[in-house]
Protein chains: 2
Amino acid sequence: MMNMLDNKKQNQIDNDQILVFKALSDPVRLKIIKYLKQLNHEVSCGEVGKAINISKTSGSYHFKLLELAGLINTRREAREKYVTLNEQTFDKYVTNFYKSM
Amino acid sequence: MMNMLDNKKQNQIDNDQILVFKALSDPVRLKIIKYLKQLNHEVSCGEVGKAINISKTSGSYHFKLLELAGLINTRREAREKYVTLNEQTFDKYVTNFYKSM
DNA sequence: TGAACAGTTCAATATATTTTGAACAATTTA
DNA sequence: TAAATTGTTCAAAATATATTGAACTGTTCA
């Protein structure tokens, strides 16, 4: 049975879901994701930015959104920030979206 | 091997992919989709609109975007327009996104 | 026929997202 | 230490998306 507190939780889940789809609905971020998937190992933001030809400011903005959506894991090492895909999030919010919504 | 013509095709696929994610990244449209999934049979736009409490203008706008993304099938019968989910699109662009991108 | 109904279109407005460049902090290298 | 490197933040501008109400088309019903 669904009470009003559970309803809040449901809204939070919907919000997370929406953040994920929003993050995936931009051509720059799709390029980032495809690049990371193809490489299949940790890379710096700078390397990704050079590979797909975007400015560092734009990169910073897009990596932030991907991170907020939980689609990438990030690790800072001194000057550089390293990123990888977070497959769990893809699984939960994309691959399993239809069957579990 | 990927030549420049294939590249155009790839861009088209990306565009379709983006239309799908964009369509899914809005709370109203997510409500529509959940309602249709739950019902699991054809309903009119008006019935959906009443169920989730949106104006007919807003409904018309959102159903159009869902249709453009290929996420719903529509059928007009006289005054009314009936909609169902298009599971194939969910399969191809959502469920299989990660593995096949 | 004329009123009600289902949905669309349009233009105006509001809101959200993306891009850009300048200034910044922290770290590394010469 | 000074210069170069990596990335962030901020504000302005450009662009895209969503909401609203009025007017409209086509259909049904009394």
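Owing to the predicted nature of the structure, the values given are computational and were not obtained by experimental measurement. So you know, we letter chains A, B, ... as the sequences are listed, proteins then strands, and number each from 1.
Among residue pairs with one or both ends in residues 79-96 of chain B, those qualifying as salt bridge (charged side-chain N to carboxylate O under 4.0 Å, His left out) are B/Glu67-B/Lys81; sequence neighbours excluded. The list of ring pair (Phe, Tyr, Trp, His ring centres under 6.0 Å) pairs with a residue in residues 68-96 of chain B, not counting sequence neighbours, reads A/Tyr98-B/Phe90.
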Let me check something: any side-chain donor-acceptor pairs from residues 47-66 of chain B under 3.5 Å, sequence neighbours excluded? List them with distances.
residue, atom, partner, partner atom, Å
B/Glu47, OE2, B/Tyr35, OH, 3.2
B/Ser55, OG, B/Ser58, N, 3.1
B/His62, ND1, B/Arg29, NH1, 3.0

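For the contact set between residues 28-53 of chain A and DNA chain D, defined by any heavy atom under 4.0 Å, the members are A/Ser44, A/Cys45, A/Gly46. Of the residues in residues 58-74 of chain A, those placing a heavy atom less than 4.0 Å from an atom of DNA chain C are A/Ser58, A/Tyr61, A/His62, A/Leu65, in numerical order.
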Set out, in order, the CA-CA distance, both residues' side-chain angles and the distance that settles side chain to side chain contact (heavy atoms under 4.5 Å, CB included) for A/Thr84 and A/Ile72, then state yes or no. CA-CA 6 Å; A/Thr84 52; A/Ile72 57 173; over 6 Å; no
Contact string for nucleotides 22-30 of chain C, one letter per nucleotide 5' to 3', B = base within protein heavy-atom range under 4.0 Å, S = sugar-phosphate only, - = neither, reads B----BS--
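Summarising the geometry of A/Ser25 relative to A/Lys22, their closest heavy-atom pair is OG-O, 2.9 Å, with the distance given to 0.1 Å.
Rounded to whole Å, atom C1' of D/dT19 lies 11 Å from atom CG of B/Asp26. Rounded to whole Å, atom C1' of D/dT5 lies 16 Å from atom NZ of A/Lys81. Atom pair B/Ile54:CD1 and C/dT8:P shows a separation of 11 Å (rounding to whole Å applied). For B/Glu80 and C/dA6, the CD to P distance is 6 Å, given to the nearest whole Å.
Counting non-hydrogen atoms of neighbouring residues, nucleotides and ligands closer than 6.0 angstrom, the CD atom of A/Glu42 exceeds 12 such neighbours.
Between B/Lys22 and C/dT17 there is no side-chain polar atom (N or O) within less than 4.0 angstrom of OP1 or OP2.
Rounded to the nearest 0.5 angstrom, B/Leu39 CG and B/Lys34 NZ are separated by 14.5 Å. Atom CG of A/Asn86 sits about 4.0 Å away from atom CG of A/Asn73, to the nearest 0.5 Å.
Cluster annotation: A/Leu71 is not connected to A/Leu19 through the hydrophobic network of ILVMFWY side chains, with a link wherever side-chain heavy atoms come within less than 4.5 Å.
Put simply, the side chain of A/Cys45 reaches to within 4.5 Å of the side chain of A/Val83, judged on heavy atoms.
Ion pair B/Lys31/B/Asp26 not flagged as a salt bridge, since none of the NZ, NE, NH1 or NH2 atoms sits closer than 4.0 Å to an Asp/Glu carboxylate oxygen.
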